[in-house]
Amino acid sequence: MPALFLLIPLLGVIIINLPGRKIGNRMAVWAALAVAIIQIGMAVTSGSMVWQGLAQVVSLPFGASLQIDLFTAVVLATTGLIAAMSLILDKNAENPRSLYFGSLVLVTMMGMNGVVMVRDIFSLYVFLEITAVASFVLISINKERDPLEGAFKYFVMSAVATVLILAAIAILLLTVGSVGFKAVADNLSAGGVSPQVIVALILFIAGLSIKAGLIPFHAWLPDAYSSAPPAVSMLLAGIITKVTGVYTIMRLITDVFSISSIMKTAFMVLGAVSIVIGALAAMRQDDFKRMLAYSSISQVGYIILSAGLGTPLGFAAALLHFFNHATFKSLLFVNAAAVESRSGTRQMSRLGGLASKMPITGGTSVVGFLSTAGVPPLSGFWSKLLIVIALWQAGAYFYAVVAVLASILTLAYFLIMQRRVFFGKLREGLESIREAGAAAVVPSLILAGITVLVGLLFPLVLLLMQSQGLI
Amino acid sequence: MLDSSMNVWMVILLSLLLLSAVFAVMIRDLLKAAIALAAVSVVLTVIMFLLGSPLAAVFELSVCAGLITAIFISAISLTKPGTQEELAAKRRLRLKRFIYLPILLVLIGVGLWLAWPSLKLDIAAVGTGAGLSVQQVLWDARSLDILGQIIIILAGVFGVVVLFRGRKAR
Amino acid sequence: MMGQILLSLAIFVPVAGSFFLPLAGKLSSRFRNILAFVLVSVSFIASAAMLPSALSGGQANYWQIELPLGLTFGFLGDGLAVFMAMVSSFIGAIIVLYSIGYMSHYNNQNEYYLLVVLFIGSMMGLVYSTNLIFLYVFWEIAAIVCWRLIGFFREKETVKRADKAFLVTVFGALVMLIGFFLIYQQTGTFDMLQMKGVQISDWAVALILVGIFAKSATLPLHTWLPDAGVAPSPVTSLLHAAVLVKIGVYAYARFFLVNFAMNPVWHIVVPIVVGLSAIVSAGAAIIEKDIKRLIAYSTVSQLGFIFLGLSTGSILGIAGGLLYILMHGLAKGGLFLCAGIVEQNAGTKDITKMGGLIKVMPVTAVTFIFCAFSVMGLPPFGGFFSKYLVISGAVSSEQAWIALAFIVGAILTIIYLLRAFTMVFMGETKLAGFEDIREGSRTMLVSVSVLAGLSLAAGILINYPSAFVQTIVQQMAVVIR
Amino acid sequence: MSDMMLLFPIFVPVFLGAVMFLVPGKAKWVKEALLLIGTAVTLVVSILFFGKNMDFVLPWGGFGMDLSLKLYQFSSFILLSVAVFAFLIALYSVVSMKGHEQAKKFYAYMLLTLGFVSGAVLANNLIILLFFWEGLLVLLFAMIMTGGKKASPTAVKALVLNGVADLCLLLGVGITVFISGTAAMDKINLPMDFWGSFAFALMMIGAIGKAGSMPFHSWIPDAAIDAPLPFMALLPAALEKLLGIYLLTRISLDLFIFQPGSGMSIAMMTIGAVTILLAVMMALIQKNFKRLLSYHAISQVGYMILGIGTALPIGIVGGLFHMINNAMYKSALFLTGGSVEKQAGTTDLEKLGGLGRKMPITFTCFFITAAAISGVPPLNGFFSKELIFEGAAESGLVFYIVALLGAFFTAASFLKLGHAAFLGKRRTEHDNVREAPWPMLVPMIIIAAGCILFGVYNALPLNNLIQPVLGAKLGGESFAGILPASWLLAGISVGVLVLALANHFFGVKRTKSGLGAVDHIHYAPGLKTVYKWAELRYFDPYNIGMVIVGGISKVLWWVDRGIDWVYDKFTVRLVNILSLGIRKAHTGSHRLYIAWALGGMALLAVLVAVLI
């Protein structure tokens, strides 16, 4: 049954490309959207009885190597959601090459679904490569100079990451004999961590950090995000980096290398460093999307810091922040896209007081930035609260204090953004601006709605997490 | 498992491999670089045979030595060779950057040589799959990779279509 | 059961209702204004209705939802909470009434009324909540609303000031949150009712004090308050005088007087810090030229008095502190609203350019001087009793030198308030177009004179508020030695 | 009579004062009637109360602040004198304030002040005393304000000066209540240990501040010019002195154990002596009728404080007797000044002269009261001064000499005033000046007669008004009687008066005008510069205080700006440096980025190697 998540998008790609380019252009995005929504539906019901029942009846190939647990289901649902939003946002672009865009998004979804469902390191590497290749092409889909340069940097850096990960897999294969998560974990817990496994660990940490964009390894991320077309940068920031980088790290920490403290402390250090330096870097950026890129480095730092704890509550908090960050970061990218499509520029210094002309974008951006800064009562606060509680329970007091005080930096650079772009007197020359088109407004409203609902109904979310045994 | 005679061959082949790789990077003419690259793949194939993994060797020989080299050569033949000064300038630039390469190699070599005894590499008995046929390897042991292969090819196709097909309008 | 309904009414009617105001605004602005006033007075009436049961210990008005990780979502309406709720919602209602007149000719009024009513709702939530984290949530909602309100006029400078205020208060709140975590580590829960009477560590007290001082603008973290004078004047009076700054004072009372015990050394440290803040801000008020900034400095100074009362740990002092919250809320609210009328009609905020306004604005002048006398603590106004109790509280806990410092503060208070009064209302006028300056609109004058009248009535009929405060202090006495 | 009646002297005037505000401005005679009724009722009630012992307690403010009133011999005496003066001055002001646009407000404030003063006198709870005491501050400010636009700086000055004194009183009350555990004044009797004397000192400052002695005096001369005249006659001359000295006596006799020769008594005596001398020296050179009288009001308080400061029974009786005498002749002198101002239009001595014949009754009243204040026997001033001289002589010769000097200058300045105003050549424009209307004359005549009565038959005030106040402390002596106790002191005082007369004739002959009688002292070499500075207000404690406060607040202002700089400039610049540094580090070359990645991995490896 899990293979459906791969086959349905594959079917989608084939259907879109059958009738040739003219019809395909119009039909592509809607078909991709359908696939995304089906995916959300399937992911959400994956834990339910219906799904288990069907699984016995229909036996598809690759049954053994693809499984779905709670973590996978949540990420699958988030992937579907963000992909859907990105597809809607693409309609907002002037000359959308929607046929190619639609099919490439489906390919990326296949890649991400694969990464999420596999249970052995080598196929994990294979699906990582799929997602990487598809996202290179997505970034440079309009073939302008900037996106090409950003894609090139992303391509080169992920090539380095691939080499490192492959080397690590090779060493692990040598020492353990097989690549399955369980096999490696059992072997390590039995045989203990020999020097060569440590070398493999270090390579793995470096490779995955490049993929996730943690601080010393992050350099490709700002260029790739800011130069990519709006819909693609939202997809990238929202879900691609998270699945390929953050999900893999969390999966490896919890399932494979749970006994080795090296990986945990390493990722906690990297997480804390990225929180602080990411926030500082975002402070004086003039380009709206570049600032959001650095901000997402900082927020990913929170997820990694919490996952690095290794405790069940740490994992649960990281998962909640994974979902929240996916929603409010994509929301901010949607706002950035709306502002860029209406005012024609991303330089914040040339914008001013847009809230009066673009009330919905202005309002949703306030929801987005407050949630990112971890200001209650929105969703960002609650996940950061759980992260700090997890840190505090595990005794990592210094990290907890860094995590709490860093949200002041986050708040600072978002206030600068608000003052420069939305909250203030309208800058002369921008009088003609109207509210962004439906393609930009609808996703921002949906995402803002999710952020506010998760925030306000947090007691229910808490009870749900408890029922799922996370807390 | 590695007896002394194998050791000697290995050292020769590995140094040959390194030599042709450096040659491929340093050579001025693109065509010669492509051929050097093919040479690297051939030597790699021989090493794989020696190490007892025939299947991988076969793929390496056919794909890397054969197919990729062919594509490279056809692409290079289409391009206009750069003038002498450009080539010389590029070479001088490359030389300046790669001065450090040999020093780095030597360092890593010495480091490995020293650390080797303490590393206590226990190479696990890896299922070499010598006895398995191609069909069993592809379909049973690594069946998911087939699906992965298909999707990667799909992504590659879209990449080529999107990036290289220039539109009529321009 | 009745108590629980009232409690939920008091909190959720303004919080939820505030989001309907922009819709009401689409229908007609009059309907929206009335709706805003009704929402706020509902929470006042609900809190007042809870009074009898609150005085008998407040166990009747209490409900909660049990949540994991010690995050129980609960509300309790005990004496202290009902007192604070009534003070802030009453003054909030008057300010909403005043802003109907004041805001009539500004744009985006819908946003204004939404924020003001949401602010009072979050104040109710904060006052009644029994869980540290949900108290922190309402604390931050108040900070968000305060940010949007200070930046209401949307000039570059005002938005910069709003950002500064938001950053400073959020910084304080975050430090306080770390303090909460220290308590969580010590007791394993965030629910205050389960932790009643626990002695918390000095580090936790210090960190929470930083948060309190940031919110209530005490010395090192006070400069955001005068800067926030750029907001519309009902907002400054709402923020500076009556409600926002009282959050910090309420938090101090709730944590260190009702719920937790703390190391007695803090009964010496806090008065010293607070004394410094009172003197420095009083000095700055004497030099200040802008009328709103001057009154804001005065608020910082008077907060010093309130904290003195609460922090000396003597019954008299605490009663004085609580009474001071009421008296100062009324009087300072009135002062700011008068300043609003003066600024709106005289066209400038610089007191050195005004003068002789008493001839043109007699009602505003009289209410200004009435509220000023109450702030100075002169009988027969209410301020006298609270100032006397605070000083005698300081004296009765062997801190006569601190009391002397606060007497100097009181003298400075008299000087800067008189200076402001004479420069604005007395002497020869320096204003151009003096003849056509007229009095504020009717609603503004009504709300201002209600506040002034109440300051006077609170002085003469002191027995009602002080009886209320006596029962609260008895409830607290269980914690203090 | 039930003890509820005790509320009458407080609430009747306060209620009528409040009603006065509601009376429409143009209603003829209504406001004057209300004023007279109010003061008359209070007078009748206080006469009925005289000598009774009543007690009334009403729980009011909680925390020990219950409204408890107590009437006993001393407070009934003060209450009576307050009511008498209030009624007489009300009668006087009904005429003198006719047509004044702020008259209605003035009458209302007068009634409220009467209510608050009687409240303060009757209070038996220290906090209630404080409540009424500080309430007078607000009314003082309001009454000076009715003097017109230019009166506001003086009103501010008065409020600030009295505010400082009252805040010291507040702290003193706070400490006393804390030490003694109760706020009921009749139960407090504290020894003079460290905190006791600190509380005593603070309450003393409050008392002498209200009475208008030296450090808190400088608003009175300014108020003489700016405030309406009945205000001067009512408050600085009579009520404030009565109230101030009443509290001073209560704390010296009842609340604290006040030993003669103790540190506190010497302090009080020095304050008294300094006030006598400096104030009268200033009074000497004044060129304005009212300012001269106001300086005298300040210097006479010095006598009372000196008297009570001796802590000897004779001194205290002398001080109290001087208090009631001073209230009488000082208010009468102000009333004469008022009638001169009403009839002649100015109180500037240069423009006056020779009014004696035109205004015979005013002149005779002025003559009697001036003689009384200068201490001419057999008037009341002489006897009370003799008692104070005797007390001062026993406590310290220097105080006695200063008191004598004070008497000399008082006599000299009143001779100058009488000569300049009433004798000498009359100006042409004053030819048609007629005598003041009868309602203004009656109070003057009554008070002048009182001065004579209290002088000649001084047993009446001493035996049944003042001496019972000391009760047991008196030790059975009685100081009444026409014949002075020690002939030596009496002789010296009369000699001083003769000397003053001679000095006056010498001055008049030298400058040929009444006004110039003291110019030889005024322009004496040493004194000339001091006088010039004094006129320029260099020694005015209010100005000195304001300069100090201005300096301090400037410093505090810079402290505040410094803290603000940390937020606005420092943190912003720090964060900018960091973030611009990071931004520049991203040069955009992918080779650098890969270098970072590999560098990061190497660092990680080192860390792992170190940790394990």
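Proteins get letters first, then strands, A, B, ... in listed order; numbering begins at 1 in each. Only this structure's heavy atoms are used, side chains among them; waters, hydrogens and symmetry mates stay out.
C:L221 is not listed as a side-chain neighbour of D:I563, based on a closest heavy-atom distance of 4.5 Å or more. Residues C:F385 and D:F63 are not in side-chain contact: their nearest non-hydrogen atoms beyond the backbone lie 4.5 Å or more apart. Looking only at side-chain heavy atoms (C-beta outward), C:L378 and D:L159 come within less than 4.5 Å of each other.
Nearest heavy atom pair, residue C:A403 against residue D:L171, reads CB-CD1, 3.8 Å. Looking at every heavy atom in both residues, C:G283 comes nearest to D:L556 through CA-CD1, 3.6 Å.
Residue C:L316 touches chain D through its side chain alone, counting heavy-atom pairs closer than 4.5 Å. In this structure, chain D has heavy atoms under 4.5 Å from both the backbone and the side chain of C:I279. Neither the backbone nor the side chain of D:F132 comes within contact range of chain C, judged by heavy atoms closer than 4.5 Å. Heavy-atom distances place no part of C:L276 under 4.5 Å from chain D, backbone and side chain included. If you measure heavy-atom distances from C:V168 to chain D, the contacts under 4.5 Å come from the side chain alone. Interface remark: D:V156 contributes backbone and side-chain atoms alike to the contact with chain C (heavy atom separation under 4.5 Å). Heavy atoms closer than 4.5 Å to chain D are found in the side chain of C:F421, but not in its backbone. In this structure, chain D has no heavy atom under 4.5 Å from any part of C:A467. If you measure heavy-atom distances from C:L404 to chain D, the contacts under 4.5 Å come from both the backbone and the side chain.
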N/O donor-acceptor pairs between chain D and chain C, cut-off 3.5 Å:
{"residue": "D:W60", "atom": "NE1", "partner": "C:I460", "partner atom": "O", "Å": "3.0"}
{"residue": "D:G61", "atom": "O", "partner": "C:S466", "partner atom": "OG", "Å": "3.0"}
{"residue": "D:D560", "atom": "OD1", "partner": "C:H222", "partner atom": "NE2", "Å": "2.4"}
{"residue": "D:D560", "atom": "OD2", "partner": "C:Y297", "partner atom": "OH", "Å": "2.4"}
{"residue": "D:R561", "atom": "NH2", "partner": "C:Y297", "partner atom": "OH", "Å": "2.6"}
{"residue": "D:D564", "atom": "OD1", "partner": "C:K164", "partner atom": "NZ", "Å": "2.5"}
{"residue": "D:D564", "atom": "OD1", "partner": "C:T223", "partner atom": "OG1", "Å": "3.4"}
{"residue": "D:Y567", "atom": "OH", "partner": "C:P220", "partner atom": "O", "Å": "2.3"}
{"residue": "D:D568", "atom": "OD1", "partner": "C:K164", "partner atom": "NZ", "Å": "3.2"}

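When each of D:L202, D:I127, D:V559 is checked for heavy-atom pairs under 4.5 Å with chain C, D:I127 comes out on top. Annotation: maximal heavy-atom pairing with chain D below 4.5 Å, among C:I287, C:V395, C:L389, C:I415, occurs at C:I287. Your options are D:F178, D:F141, D:F116, and the one with the most heavy-atom pairs under 4.5 Å with chain C is D:F178. With chain D as partner, the option from C:I286, C:V469, C:I407 having the largest number of non-hydrogen pairs under 4.5 angstrom is C:I407. No other option in D:V566, D:I179, D:L136, D:V138 has as many heavy-atom pairs under 4.5 Å with chain C as D:V138. Comparing C:I411, C:L461, C:I414 by how many heavy-atom pairs each has under 4.5 Å with chain D, the most go to C:I411.
Under a cut-off of 6.0 angstrom, the local environment of CZ in D:F8 is sparse, with at most 12 non-hydrogen atoms contributed by other residues, nucleotides or ligands. Heavy-atom neighbours of D:F21 CZ from other residues, nucleotides or ligands within 6.0 Å: above the threshold of 12.
Note: C:F384 CZ to D:L137 CG = 11.0 Å, rounded to the nearest 0.5 Å. For the atom pair CD1 (D:I552) and CG (C:L412), the distance works out to 7.5 Å, reported to the nearest 0.5 Å.
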